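Below is one structure; the comments refer to it alone.
Predicted, not measured: the structure shown is a model, and the values here were computed from it. Numbering of ligands and ligand atoms starts at 1, following listing order.
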Amino acid sequence: MKILDNEEYVITVIMAAGKGTRMKSNKSKLVHKIYGKELVRRVAELAYKIGSDEVVTVVGHLREQIQEVLGDSVKYAYQDELLGTGHAVMQAIPYLQGKKGKVVVLYGDVPIIRPETLKKLIEKSVTSKEYATLLTAIYENPTGYGRIVRDEGGNIEKIVEEKDANPLERKIKEINSGIYCFDIEELLKALKFIKPNNAQGEYYLTDVIKIMNDKGLKTGAVIVEDNTEILGVNDRAQLELLTRVLRMRINSEHMRNGVTVEDANSTYIYDDVKIGKDTVIHPNTIIQSNVTIGENCEIGPNAFIREGCVLKNKVKIGNCVEIKKTTIGEGTKVPHLTYLGDCKVGKNCNIGCGTITCNYDGVNKHQTIIGDNSFIGSNVSFVAPVKIGNNVTVAAGSTITEDIPDNTLSIARERQINKEGYYNKK
Ligand code: UD1
Ligand code: MG
C-alpha cells in the first residue's frame, strides 16, 4: 500500500542509544531476545513492514552490538551523549534534510507494536493533514509517562513530562507512548526550537508538539486500542511480560484460524509459523520460526519443532520428539522419544520410539532421507548421510550406516546370545 505521493518518503527513526541499566546485563538491552529475535531486530522489521523507505537507527551505548545484529539493513546515526529524545532525533537530521514525507519515530525497546497500528498512525497523519500524529493510550495508572494535555475542544495542546507536570496535569490518564508520525519538513524546523530548560535538563522531542501548535500547525493522535502493544522492556521481568503478551497474541491468532491449542500458557509458537486448520497442539510444545504445519496434524505434548520444519497434513508428532530442518510427508507418525535433524520423511511412515538421526559428525550436518510407507522399528539410529527407500522395514535397535533399497527389511544389529545355566555357575 502506497499512502504517500511518489516523491514523498516514509523514514523511520529508531531510538536505540539508551543504556538499559536495569537489565543488569553486559549486553545491550536491545540485543536481548523475544522468541529468538533481538528486540531491535523486531523494531527494524516492524519499520519495514509499515513501508518505510529508509530506517535510521540512532545508536550510542554498546552500538557495536546493535550494528552486529542489524548490519547494513538500516542506516546509523550516532548519539554520543544521551541528552534526550529530541537530541536523539537531531542526530538523524542528515538523513531527513531535503526530503518530503513522514518520519515515524520508534523506540528500540518497544518491540511488539502491531504493524496495523502504525499504518493507522501514518494514514491518520495523511488523511487529517496533521504535522504531528501521536500514538497515545489511556492508562489507569499513568505514572512515569508524559501526559497529553488537550484543550476544551479536545485538541492536543502539548505533552508534559511527569517531572514537569503540575498536580492537575498528573491526573491526566492519556499518556504519550513515545511513538509518533511527523511531517519531515516541519519536524526539522521545530527541532531547532527545542531547549533543555526542563526538570531533566534534556532536549525533549515532546516539545515539538507545542512548537507546532503555537505555529498553527495541526496535530492529532491515534489512541491505541490494545495497551499491551506499546509496552517497553526495561528489565528482565518486562522481557518476560512481553514474551507472554506476544505468546498469547500469536496463540490466539492460530486459534482464530482453526487450530486447537490445548494450553495456550505452555504453547510457544514463534513468529512466522503457519498451521493448518483442525491441527491440535498439546501442552508444552515449542514451535520455532519458519515452520509450516498442515491440517489435521497432532503435535505434542512436549514436542520441539525447530526452525525450518515442514509437516504435511495428518502428521503426528508425539511426546518428547524434537525435529529440526525436517520435512515430514502426509500421514506419517513420529509418536514418541525421537530426534530427527536434517531429515526428509515420506508419506505414511511410522517412526518408532527412540529413533535418532545421527546427523552431525562434529564438523558438518548430513541428511537422512526416508521414502514412503516405511516402518522404522524402535531405537533405530540413522548415521547420516543415509537414504532409506519406500516400503522399507528397519528392525528395532538397528544402527543404519548404509542406504536401504525399496521393499527391503533391514536388520543391523548383533544377534542375541543366550548362555543357559549361567546363574547356577555363578
Ligand atoms: C519518553 C517521552 C514520554 C513518554 C515515554 C514513553 C520524552 C521527553 N518523553 O519518556 O513522554 O511517555 O517516552 O516511554 O520524549 N533515548 C535515546 N537517546 C536519548 C534519550 C532516550 O536514544 O538521549 C531512547 C531510549 O533508549 C529509549 C527512548 O529513547 O528507547 C525513550 O527514552 P526514555 O528515557 O525511556 O524516555 P522517557 O524519558 O521515559
Ligand atoms: Mg528519560
Side-chain angles (χ1 to χ4, degrees), residues 12-23 25 28-32 38-40 42-44 46-47 56-63 65-66 74 76-93 104-113 132 134-139 141-149 156-165 169-170 172-180 182 187 190-191 194-211 219 221 223-224 227-235 238-239 242:
T12 294
V13 174
I14 301 175
M15 309 234 231
K19 278 220 166 77
T21 325
R22 280 174 280 168
M23 286 299 277
S25 177
S28 158
K29 169 168 83 174
L30 301 182
V31 306
H32 283 264
E38 298 85 356
L39 304 182
V40 75
R42 286 186 175 275
V43 177
L46 179 64
V56 182
T57 306
V58 182
V59 291
H61 187 67
L62 298 175
R63 60 180 65 166
Q65 295 185 11
I66 293 167
V74 301
Y76 297 96
Y78 301 96
Q79 190 189 22
D80 293 317
E81 264 184 298
L82 298 183
L83 302 180
T85 50
H87 183 258
V89 172
M90 286 173 200
Q91 311 314 305
I93 288 175
V104 176
V105 174
L106 301 178
Y107 289 174
D109 57 3
V110 180
I112 62 167
I113 305 172
L134 327 175
L135 187 64
T136 68
I138 310 298
Y139 275 10
N141 176 10
T143 308
Y145 290 93
R147 310 294 207 281
I148 308 297
V149 182
I156 294 170
E157 269 179 11
K158 60 176 178 177
I159 301 172
V160 57
E161 292 305 296
E162 167 135 322
K163 287 184 177 135
D164 304 294
E169 289 167 337
R170 283 188 194 199
I172 297 172
K173 289 187 170 160
E174 186 178 7
I175 62 100
N176 172 31
S177 71
I179 310 297
Y180 323 79
F182 295 109
L187 174 69
L191 285 174
I194 297 181
K195 305 246 154 43
N197 51 2
N198 49 55
Q200 304 187 78
E202 288 180 4
Y203 292 89
Y204 287 171
L205 181 58
T206 46
D207 284 354
V208 159
I209 310 307
K210 185 166 187 309
I211 293 166
T219 61
I223 302 176
V224 72
N227 285 349
T228 64
E229 288 186 44
I230 55 167
L231 286 170
V233 175
N234 290 305
D235 56 30
Q238 285 170 336
L239 188 68
L242 265 75

| said: My understanding is that we take every heavy atom of each candidate and find the minimum distance to atom 27 (C) of ligand 1. Doing that for Asp109, Val89, Ile175, which one comes out nearest? | reply: Asp109
| message | When you measure from the heavy atoms of Gly84 to every atom of ligand 1, does any distance fall below 4.0 Å? | response | yes
| note | Logged contact type for Ala88 with ligand 1, heavy-atom cut-off 4.0 Å, is side chain
| query | Looking only at distance, does Glu81 have an N or O less than 3.5 Å from an N or O of ligand 1? | reply | no
| Basic-acidic side-chain contact under 4.0 Å: Arg147, Glu162 | yes
| Minimum side-chain heavy-atom gap Asp80-Arg63 below 4.5 Å | yes
| What residues form a ring-ring contact (aromatic ring centres under 6.0 Å, His included) with Tyr139, not counting sequence neighbours? | Tyr145
| query | Would a 4.5 Å heavy-atom cut-off, applied to side chains only, mark Val43 and Leu39 as touching? | reply | no
| Heavy-atom side-chain proximity of Leu205 to Leu191 below 4.5 angstrom | yes
| Is the shortest distance from a heavy atom of Glu161 to ligand 1 less than 4.0 Å? | yes
| query | Can you tell which of Tyr107, Tyr203, Tyr145 gets a heavy atom nearest to atom 1 (C) of ligand 1? | reply | Tyr107
| field | Side chain to side chain, Asp109 and Lys29, heavy atoms closer than 4.5 Å | value | yes
| Per-atom contacts, ligand 1 versus Gly18 - under 4.0 Å to a heavy atom | 22 (O), 26 (O)
| Under 3.5 Å, N or O to N or O, is Ile159 touching ligand 1 that way? | no
| Taking the minimum heavy-atom distance to atom 4 (C) of ligand 1, which of Asn176, Thr136, Val43, Leu135 ranks first? | Asn176
| query | What atoms in ligand 1 come closer than 4.0 Å to a heavy atom of Met15? | reply | 22 (O), 24 (C), 29 (O), 30 (O)
| message | Under a 4.0 angstrom heavy-atom cut-off, which atoms of ligand 1 come close to Thr85? | response | 7 (C), 8 (C), 15 (O), 20 (C), 21 (C), 29 (O), 31 (C), 32 (O)
| field | Which segment of Gln79 sits under 4.0 Å of ligand 1 when only heavy atoms are counted | value | side chain
| query | Taking Ile223 as the fixed residue, which of Thr136, Leu135, Ile148, Leu134 is the one that meets the side chain to side chain contact (heavy atoms under 4.5 Å, CB included) rule? | reply | Thr136
| said: As an exercise, identify every atom of ligand 1 less than 4.0 angstrom from a heavy atom of Gly146. | reply: 3 (C), 4 (C), 11 (O), 12 (O)
| request: Determine whether any heavy atom of Thr206 lies closer than 4.0 Å to an atom of ligand 1. | output: yes
| ring-ring contact (aromatic ring centres under 6.0 Å, His included) against Tyr107, all qualifying residues, sequence neighbours excluded | none
| query | Are side-chain N/O atoms of Tyr180 and Asn176 paired as donor and acceptor at under 3.5 Å? | reply | yes
| Taking C-beta and beyond as the side chain, do Ser177 and Val110 meet within less than 4.5 Å on heavy atoms? | no
| task | Examine ligand 1 and decide if any of its atoms is less than 4.0 Å from a heavy atom belonging to Val58. | result | no
